[in-house]
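Below, chain A is the first sequence line, B the second, and so on; all start at residue 1.
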There are 2 protein chains.
Amino acid sequence: MSDQAIPLDAETKAFELPEDHRDELRLWLRLLTCSTLIEGEVRRRLRERFDVTLPRFDLMAQLDKAPDGMTLSDLSKRMMVSNGNLTGLVERLVSSGHLERRVSELDRRAQIIRLTTTGRAEFRTMAAEHEAWIADLFGGLTEKEQRDLMRLLAKTKFSARRAMSGEAA
Amino acid sequence: MSDQAIPLDAETKAFELPEDHRDELRLWLRLLTCSTLIEGEVRRRLRERFDVTLPRFDLMAQLDKAPDGMTLSDLSKRMMVSNGNLTGLVERLVSSGHLERRVSELDRRAQIIRLTTTGRAEFRTMAAEHEAWIADLFGGLTEKEQRDLMRLLAKTKFSARRAMSGEAA
DNA sequence: AAGATTTATTTTAAGCTTAAAACAATTGGA
DNA sequence: TCCAATTGTTTTAAGCTTAAAATAAATCTT
């Protein structure tokens, strides 16, 4: 009779055996590689073609969807970046004439940020080209593959959010 | 007879009609959201649990796989970051005793960077926990879904690389 | 209404990141 | 050999990013 018997039933976690999670790690690294690769290329092209940074483009993209403007807090939630980050970003885009800020009438702490006419026009030019780049970068996937990937990423997002909100699997 | 007749055959691109690429854009934004979400959480936990930044963790991860060390150039290729970026990162980790550098005997321009004994031990502690976090974050996907996602991301990476190397679809 | 809490934003300090220029050592020819 | 091109690294300038502290206005409680 063996002294170091290990339960055959994997569900029996009495010994808290270190499980092998290398597959999930590989999956994460691949997801990160894809994201980094594409983001880097988009960043490079935005700089090259329009002399604009990706964070500025992203900020303008959010505002383009909100004709009446948004507050900094709304923006920071949408963009998943810190409030302090936006302060500087908005400041630079106001200086360059792409954005305008006005104090909210309902809440004197808050500012409403909006695209200027120029800012909106410039953004739309960039956005059209940007959209074509993305289509090109994902062009090697069939429509079905794109749909499948879309679905799996939705599930991944949901899975991560649940794990982040502190639950049991 | 209509003046603004549009060719019924979508393949006939004589007019270069602006195509609709919103689906690819949505796919890209979802990929980016997943990546940002998970990366942010990993960053937060690394700081909270080990007081370490993600770039430092990533650098140590590369070096852990190379017992004999790597040059800065090798590292920058692997990590997809600039050389100048690594200079500072390595400098800080050498200061903290996690890394050591020695001049290559074959090429006096190059330095070989390695984990110190301490650095390696600390990294492995962190890596084990990190792996469990990732498994948790991806835990909502079945094994099949993980395999499918893996395959689709491989294809995405391939697609992006091809688009970046300047080819026709 | 006063005081406590929350919410919106800015500031600060530190670190990450890049592109471009500079520098240094190596390699490949003529 | 000498010189040009390449390769490995650092420096510089600018901008991005965050967490934490500070400030200010609104809201809630009693």
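- The residue B:R56 sits close only to the backbone: its heavy atoms come under 4.0 Å of sugar-phosphate atoms, none of a base.
- Evaluation of atom-type donor-acceptor distances gives no pair under 3.5 Å for the side chain of A:R109 against the base of C:dA8.
- Residues A:S159 and B:L137 approach most closely at OG-O, 2.6 Å, considering heavy atoms.
- Contact annotation: B:N85 side-chain N/O to C:dT18 OP1/OP2 distance is under 4.0 Å.
- Among the heavy atoms of the strands lying under 4.0 Å from B:M80 are primed sugar atoms or P, OP1, OP2 only; no base atom is included.
- Between B:R47 atom CZ and D:dT18 atom C1' there is a gap of 7 Å when expressed in whole angstrom units.
- In terms of position along DNA chain D, the nucleotide closest to B:G84 lies nearer the 5' end than the nucleotide closest to the other residue of the pair A:V81 and B:G84.
- One can place CZ of A:R45 at 18 Å from C1' of C:dA19, the figure rounded to the nearest angstrom.
- Summarising the geometry, the separation between CD1 on B:I113 and C1' on D:dG8 is reported as 11 Å, rounded to the nearest angstrom.
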**Request:** Apply ring pair (Phe, Tyr, Trp, His ring centres under 6.0 Å) to the pair A:F57 and A:F123, showing each step before the final yes or no.
**Result:** CA-CA 7 Å; A:F57 180 82; A:F123 170 74; 5.2 Å; yes

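- C:dC16 atom P lies 8 Å from atom CG of B:L93, rounded to whole Å.
- Across all strands shown, B:R101 has heavy atoms under 4.0 Å from sugar-phosphate atoms exclusively, and none from any base.
- A side chain to side chain contact (heavy atoms under 4.5 Å, CB included) with B:S35 holds for exactly one of A:T36, A:T156, A:L32, A:I38; it is A:L32.
- Taking a cutoff of 4.0 Å between a charged side-chain nitrogen and a carboxylate oxygen, B:D64 and B:R120 qualify as a salt bridge.
- The phosphate of D:dT9 has OP1 or OP2 within less than 4.0 Å of a side-chain N or O from B:S73.
- Taking every side-chain heavy atom of B:T53 into account, C:dC16 is the closest of C:dC16, C:dT26, D:dG15.
- With rounding to whole Å, B:N83 atom CG is found 14 Å from C:dC23 atom C1'.
- An OP1 or OP2 oxygen of C:dC16 is reached within less than 4.0 angstrom by no side-chain nitrogen or oxygen of B:R43.
- Of the candidate nucleotides D:dT17, D:dT18, C:dC16, D:dT18 has the atom lying nearest to any side-chain atom of A:S82.
- The shortest distance between the side-chain N/O atoms of A:R108 and the OP1/OP2 oxygens of D:dA26 is below 4.0 Å.
- Checked against D:dT10, C:dC16, D:dG15, the side chain of A:R92 finds its nearest nucleotide in D:dG15.
- Set against D:dG8, C:dA8, C:dT17, the side chain of B:L89 has C:dT17 as its closest nucleotide.
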So B:V94 and B:R101, side-chain contact (heavy atoms from CB on, under 4.5 Å) or not? Walk me through it. CA-CA 8 Å; B:V94 167; B:R101 38 188 356 160; 4.1 Å; yes

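- We find that CG of B:L54 is positioned 13 Å from C1' of D:dT17, with the value rounded to whole Å.
- Atoms CZ (B:F57) and C1' (C:dG15) sit 18 Å apart, rounded to a whole Å.
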